[in-house]
Amino acid sequence: MTPLEELRHSCSHVLATAILRVFPETKLDIGPPIETGFYYDVDLDHKLTAEDLAKIEAEMQKVIAENQTFTRREVNRDEAVGIIKKIGQERYKIGRLADIPEGEAISFYQNGEFVDLCGGTHVKNTQEIKAFKLLTIAGAYHRGSERNKQLQRIYGTAFPTPAELAAYLHQIEQAKLRDHRKLGKDLKLFVIDDAVGQGLILWAPAGAVVRQELQTFIAAELRKQGYHQVFTPHIGRLELYRTSGHFPYYRDSQYPPIIERETLAQLAHEGCTCAQLANKLTEGDIDGYLLKPMNCPHHIKIYASQPHSYRDLPVRLAEFGTVYRWEQSGELNGMTRVRGFTQDDAHLFCTEDQLPQEILGCLALVKIILTTLGMSDYRVRVGLRGTDTAKYTGEPANWDKAEAACREAAKTLGMPFTEEPGEAAFYGPKIDFIIKDVIGREWQLGTVQVDYNLPQRFDLTYVGADNQPHRPVMIHRAPFGSMERFVGVLIEHFAGNFPTWLAPEQARVLPISDKVGDYAREVVARLKDAGFRVTLDEHSDKLGAKIRRTEVEKVPYALVIGGKEAEAKAVSVRSRAKGDEGVMPLDACVEKLRIEVATRALPEKRK
RNA sequence: GCCGAGCUAGCUCAGUUGGUCAGAGCGGCUGUUUCGUAAACAGCAGGUCGUCGGUUCAAAUCCGACGCUCGGCUCCA
């Protein structure tokens, strides 16, 4: 354990000590340190409130003031059971004791009157805890399983010094200011309206600009890499998804099927129950349509629509395809977890020999995006199949090949990656690029997935050099992941200060008075003609107010125009990053912006 | 879906123990001002206090149900 973890872990023991003093009937589960602090899971009939938290915190201060020493004691298993019974914590601690493998040391730590089954380690004395704070109460299932009782989890954090704690709390406050849900509203990027539906994003004009620019950008890269653009509808027949496996494997995560009116009437006539209907849908006795949960079956049908020679491969079909998934209501979150989203999707059909090269091409695309946007704080995960075999389709031999291909490709990234069993798609393993949002939650953005299974399920073939039919391998990939989630994360990445090429409004012309209105309109027209997104601030405010508004709305450039500029056919440039950049000829300004946009320059650090 | 918290003008929020409590700032509109690098001045308009029901002489305020949002948990092809 690092010293910081040790401190936090000790603080969680102090928390438990205090809870037992305030609520002696509390049954304790576990209280580990975590990345941002610590928690303790407790089972208590009384619903803890914010006031309770304050009470507990006060008691913790007393425990710390009591100058309690942490002492370790190793015991054998029988003694351990005895101790747990003696302290009346059988409910969870006996189970936790059973988790400790035979042969490993079993230890208890004691501070003051509090004794806890614990592997350690701890600080020497409670007085070493100089700065802590209890943060929130949340529900958490025992052992993380929905089938178990939900306990109350108390989150807190601790630091070596009060200054560090204060800095951390300040940092949390600052982070909230760049939350995409707040900025999305402030900058009018997107809207979620309950009348439309939970988790369904309405892209307002400003947000649509950002998305459109990103799509245009990636589309150009796709052309270079030999992709073909396709378009497919938002729904497909249920039978299609029975074949692909989406319906059987993920039916609970889909919007319910759309059933044809006549079929429904017939079923009603037969007195069909809901249970029977569900059964008929599963068995394929009746058909219907599904809002598409993934684009692959549609793309597969385009591939399958004509015979392919090995000379045609790889076939790369790309589409900004919108898909719908029935995410649990408690999971929905701004733009990052939604029920309808558009993937910058593509499916590559290739020979097994071509697979490594094609994966690399996909990874390169992801890297181009991340580099262009200056996103370097991400991690890479190779998602492998887990132990629950019912979740996956296909033969183990193919899975082995696909997993090996992913692993090899990930190695070429030249950065560390983790291999995580259970994180694969049902049809194959994947390489995911994962980024944290402002409050530390991780989101999967770009993904590259290797799939031997869907080609088999759809009986896809190509004719090889031997004039025999062969099975292609598929790659599913989405370098942005979804436009919604990516833009959500991007808003936070830039704190709303988009680079000029992405900024919804790139420049705003600020006439000092309406005496120069004519020239101001001339400047706007010139910039619009050059292809920029520019507006005119015609309010009768003083310049300071106009500049303030431009700054608050995070417009990259304010172009100030007064009598001098009008006379000289010039503009006074004030940038978001540098402030007043001085007067320059209008032509020079146009050229400056043109270069900045063409090179997709990143925002300079603000002075 | 589960546990907990919240919901008052477009936005951010104030409304003590139920009784001129329906308010402020910003934004918007109108007028005056014509202004040189982060907020000119004045006036006006805007809300059935999330929804529905209940308690009460009286409900933004108390109770219940529902909806949505937020923080976690679970889930995430």
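Below, all heavy atoms of this structure are taken into account, side chains as well, without hydrogens, waters or symmetry copies.
Tested against Q444(A) for a side chain to side chain donor-acceptor pair (under 3.5 Å), the candidates E423(A), R485(A), K430(A) yield a single pass: K430(A).
Side-chain N/O atoms of R574(A) include one lying less than 4.0 angstrom from OP1 or OP2 on A38(B).
Sequence neighbours left out, the pairs with a member in residues 140-149 of chain A that pass side-chain hydrogen bond (donor to acceptor under 3.5 Å, both in side chains) are D29(A)-H142(A), D43(A)-K149(A), D99(A)-R143(A). The salt bridge (Lys or Arg N to Asp or Glu O under 4.0 Å) contacts involving residues 434-450 of chain A comprise E35(A)-K436(A), R379(A)-E442(A), D437(A)-R441(A), where partners must be two or more places apart or lie in separate chains.
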Report task. Going 5' to 3' through nucleotides 39-46 of chain B, assign each nucleotide B (protein heavy atom under 4.0 Å from a base atom), S (under 4.0 Å only from sugar-phosphate atoms) or - (no protein heavy atom that close). Result -> BB------

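Under the side chain to side chain donor-acceptor pair (under 3.5 Å) criterion, S12(A) pairs with no residue at all, not counting sequence neighbours. Among residues two or more places apart in sequence or in another chain, the ring pair (Phe, Tyr, Trp, His ring centres under 6.0 Å) test is passed with H9(A) by H13(A), H122(A). Taking the side chain to side chain donor-acceptor pair (under 3.5 Å) definition, one finds that E484(A) meets it with W203(A), sequence neighbours left out. Scored by the side chain to side chain donor-acceptor pair (under 3.5 Å) test, R242(A) finds E239(A) as partners (sequence neighbours excluded). Applying the salt bridge (Lys or Arg N to Asp or Glu O under 4.0 Å) rule to R153(A) yields the partners D41(A); only residues at least two apart in sequence or on another chain are considered.
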Report task. Determine which bases of RNA chain B form Watson-Crick or G-U wobble pairs with both distances under 3.5 Å, and write the result as a 5' to 3' dot-bracket string with | for other-strand partners. Result -> (((((((..((((.....[...)))).(((((.......))))).....(((((..]....))))))))))))....

Between side-chain atoms of residues 447-455 of chain A and protein atoms elsewhere (two or more places apart, or another chain), which donor-acceptor pairs fall under 3.5 Å?
unit_1  : atom_1 : unit_2  : atom_2 : d
T447(A) : OG1    : D432(A) : OD1    : 2.6
T447(A) : OG1    : Q449(A) : NE2    : 3.1
Q449(A) : OE1    : Y427(A) : OH     : 2.4
D451(A) : OD1    : N453(A) : N      : 2.6
D451(A) : OD1    : L454(A) : N      : 3.0
D451(A) : OD2    : H476(A) : NE2    : 2.8
Y452(A) : OH     : E352(A) : OE2    : 3.2
N453(A) : ND2    : T393(A) : O      : 2.9
N453(A) : ND2    : Y427(A) : O      : 2.9

Distance-only donor-acceptor hits, side chain of residues 184-196 of chain A, under 3.5 Å, sequence neighbours excluded:
unit_1  : atom_1 : unit_2  : atom_2 : d
D186(A) : OD2    : K182(A) : NZ     : 3.2
D193(A) : OD1    : A195(A) : N      : 2.7

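Side chain of E492(A) to backbone of V438(A): a donor-acceptor contact under 3.5 angstrom is found.
At a threshold of 4.0 angstrom between heavy atoms, the contacts of R441(A) are confined to the sugar-phosphate backbone, with no base atom among them.
Between the CZ atom of R549(A) and the C1' atom of G36(B) there is a distance of 16 Å, given to the nearest Å. Whole-Å rounding puts the F341(A) CZ to C76(B) P distance at 14 Å. To the nearest angstrom, P of G67(B) lies 14 Å from CG of L332(A).
Shown here, G54(B) is classed anti by the O4'-C1'-N9-C4 or O4'-C1'-N1-C2 angle, which is more than 90° from 0.
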Report all interatomic pairs (protein N or O, nucleotide N or O of nucleotides 2-5 of chain B) with separations under 3.5 Å.
unit_1 : atom_1 : unit_2  : atom_2 : d
C2(B)  : O4'    : Y141(A) : OH     : 3.4
C2(B)  : O2'    : Q150(A) : OE1    : 2.4
C2(B)  : O2     : Q150(A) : NE2    : 2.9
C3(B)  : O4'    : Q150(A) : OE1    : 2.3
C3(B)  : O2     : G139(A) : N      : 3.3

